[in-house]
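The figures here come from the full heavy-atom set of this structure, side chains too, leaving out hydrogens, waters and symmetry mates.
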Amino acid sequence: MNLIQKTLTIATVVGLGSLSVAANAALYEIDPAHANARFSVDHFGTTTNAGGFYGLTGVVDYSPEKKQGFVGITIPMNDLSTNFKPFDKHLKSADFFNVEKYPTAYFKSTKWEFDGDKVKSVKGELTMLDQTHPVTLTATKFNCYDNPILETKTCGGDFETTIDRTQWGINTYTDGGMMKDVKLKIQIEAGLKDDNKKS
């Protein structure tokens, strides 16, 4: 089973639906080396703790002419890094992400919004710790170009949002001054699949 088949199978299993615009768009595969989800959260009113999840996989189905899109992202929770191993271990524990029980999180878009020809935001659903809630990602940039290294058309961008972690049941330290709001910044680049390339 290839990456795209696996991603779509996982999306269906966890109730994220299937691609709704596949017939009208070009299919791109997310490059794990150029995809991450970074987070920052207030640390008891002193500093800001930051970290990220890396090696994201998935697909982008995008039609700029029709102003339609779909993105399905698989987030490997065990690839969390804050550059401080004791903190990584704590975040992976049942106090926070419970990675042993829930090794993967998923984002599936439900609607892309445009401002003229530019991608403005992506509405979707984030499934984490076996709970699904709506999330809107605001695009700070999005573009497509001919990638000279991968020798294929590539689309991608930077997105950001703020989520309330308690919606997913992550309540640790909220009563001790650690904020519940978490800022997320997601970056993806996805290369056009071989069977979509124009001859």
Side-chain angles (χ1 to χ4, degrees), residues 3-4 6-8 10-11 14 16 28-43 48-62 69-85 87-93 95-113 119-143 154-170 172 178-191:
L3 176 60
I4 288 179
K6 182 177 180 181
T7 299
L8 298 182
I10 290 173
V14 298
L16 299 184
Y28 299 77
E29 183 176 331
I30 292 175
D31 177 7
H34 289 88
N36 58 75
R38 291 167 294 136
F39 61 86
S40 59
V41 60
D42 176 79
H43 191 231
T48 300
N49 278 341
F53 300 93
Y54 300 88
L56 280 57
T57 57
V59 293
V60 175
D61 208 1
Y62 178 55
F70 172 89
V71 60
I73 304 173
T74 299
I75 306 170
M77 303 301 283
N78 199 49
D79 282 355
L80 181 153
S81 176
T82 64
N83 289 321
F84 184 47
K85 291 185 187 255
F87 189 37
D88 292 350
K89 183 178 180 180
H90 193 192
L91 288 177
K92 292 178 183 180
S93 75
D95 284 346
F96 289 94
F97 296 113
N98 201 356
V99 169
E100 184 174 352
K101 186 174 181 180
Y102 304 105
T104 313
Y106 312 92
F107 177 81
K108 169 245 180 182
S109 68
T110 54
K111 182 180 180 181
W112 286 39
E113 296 184 326
V119 177
K120 179 181 178 182
S121 63
V122 174
K123 294 181 179 292
E125 298 173 341
L126 175 62
T127 298
M128 184 169 59
L129 286 91
D130 203 30
Q131 297 188 48
T132 301
H133 296 285
V135 170
T136 298
L137 304 177
T138 300
T140 58
K141 64 171 69 174
F142 189 90
N143 191 38
T154 297
C155 293
D158 292 346
F159 301 85
E160 60 185 24
T161 191
T162 298
I163 65 171
D164 175 356
R165 62 188 174 97
T166 64
Q167 286 189 297
W168 287 267
I170 305 175
T172 304
M178 190 172 183
M179 301 297 290
K180 65 180 182 178
D181 290 338
V182 179
K183 294 181 180 179
L184 295 179
K185 291 188 176 182
I186 298 175
Q187 297 179 332
I188 60 166
E189 285 196 24

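- Looking only at side-chain heavy atoms (C-beta outward), M128 and Y102 stay at 4.5 Å or farther from each other.
- Rounded to the nearest 0.5 Å, atoms CG (D130) and NZ (K101) are 8.0 Å apart.
- Between D95 and I170 the shortest heavy-atom distance is O-CG2, 4.3 Å.
- Although no hydrogens or angles enter the test, the distance criterion places no donor-acceptor pair under 3.5 Å between the side chain of T161 and the main chain of L184.
- Counting only distance, with no hydrogens or angles, the side chain of T127 and the backbone of Y106 share no donor-acceptor pair below 3.5 Å.
- Without hydrogens or angle criteria, T140 side chain to D158 main chain gives a donor-acceptor distance under 3.5 Å.
- Once rounded to the nearest 0.5 Å, the distance linking CD of E160 with CD of Q187 reads 11.0 Å.
- Between D88 and L80, the closest heavy-atom pair is OD1-CD2, 3.5 Å.
- Within the 3.5 Å criterion, the main-chain N or O of T48 finds no donor-acceptor partner in the side chain of S40.
- Smallest separation of non-hydrogen atoms from T82 and G51: CG2-CA, 3.9 Å.
- When the shell of 6.0 Å around CD of Q131 is examined, it contains more than 12 heavy atoms from other residues, nucleotides or ligands.
- Two residues are said to be in side-chain contact when any heavy atoms from C-beta on lie closer than 4.5 Å; K89 and F84 fail this criterion.
- Atoms CD1 and CG, from I186 and L137 in turn, are 4.5 Å apart once rounded to the nearest 0.5 Å.
- To the nearest 0.5 Å, atoms CG (N98) and OG (S93) are separated by 7.5 Å.
- In this structure, N49 CG and H43 NE2 are separated by 4.5 Å, a value rounded to the nearest 0.5 Å.
- For P76 against G55, the heavy-atom pair with the smallest separation is CG-O, 3.7 Å.
- Heavy-atom contacts from other residues, nucleotides or ligands closer than 6.0 Å to NZ of K185 number 12 or fewer.
- The aromatic rings of F39 and F53 sit tilted, their planes meeting at an angle between 30° and 60°.
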Run the side-chain contact (heavy atoms from CB on, under 4.5 Å) check on L56 and I75 step by step: do they pass? CA-CA 5 Å; L56 280 57; I75 306 170; 4.2 Å; yes

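- I163 has its side chain out of reach of D181: every pair of non-hydrogen atoms, C-beta onward, lies at least 4.5 Å apart.
- Looking at every heavy atom in both residues, C155 comes nearest to Y62 through SG-CD2, 4.0 Å.
- Annotation: side chain of M178 is not in contact with side chain of T172 (no heavy-atom distance under 4.5 Å).
- Counting only distance, with no hydrogens or angles, the side chain of S109 and the backbone of V71 share a donor-acceptor pair below 3.5 Å.
- The shortest side-chain heavy-atom distance between P103 and N78 does not fall under the 4.5 Å cut-off.
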Under the ring pair (Phe, Tyr, Trp, His ring centres under 6.0 Å) criterion, do F107 and F159 qualify, and how do the steps go? CA-CA 13 Å; F107 177 81; F159 301 85; 8.7 Å; no

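- What you find for V60 and A190 is that their closest heavy atoms are CG2-CB, 3.9 Å.
- The main-chain N or O of M179 is found under 3.5 Å from a side-chain atom of R165 such that the two form a donor-acceptor pair.
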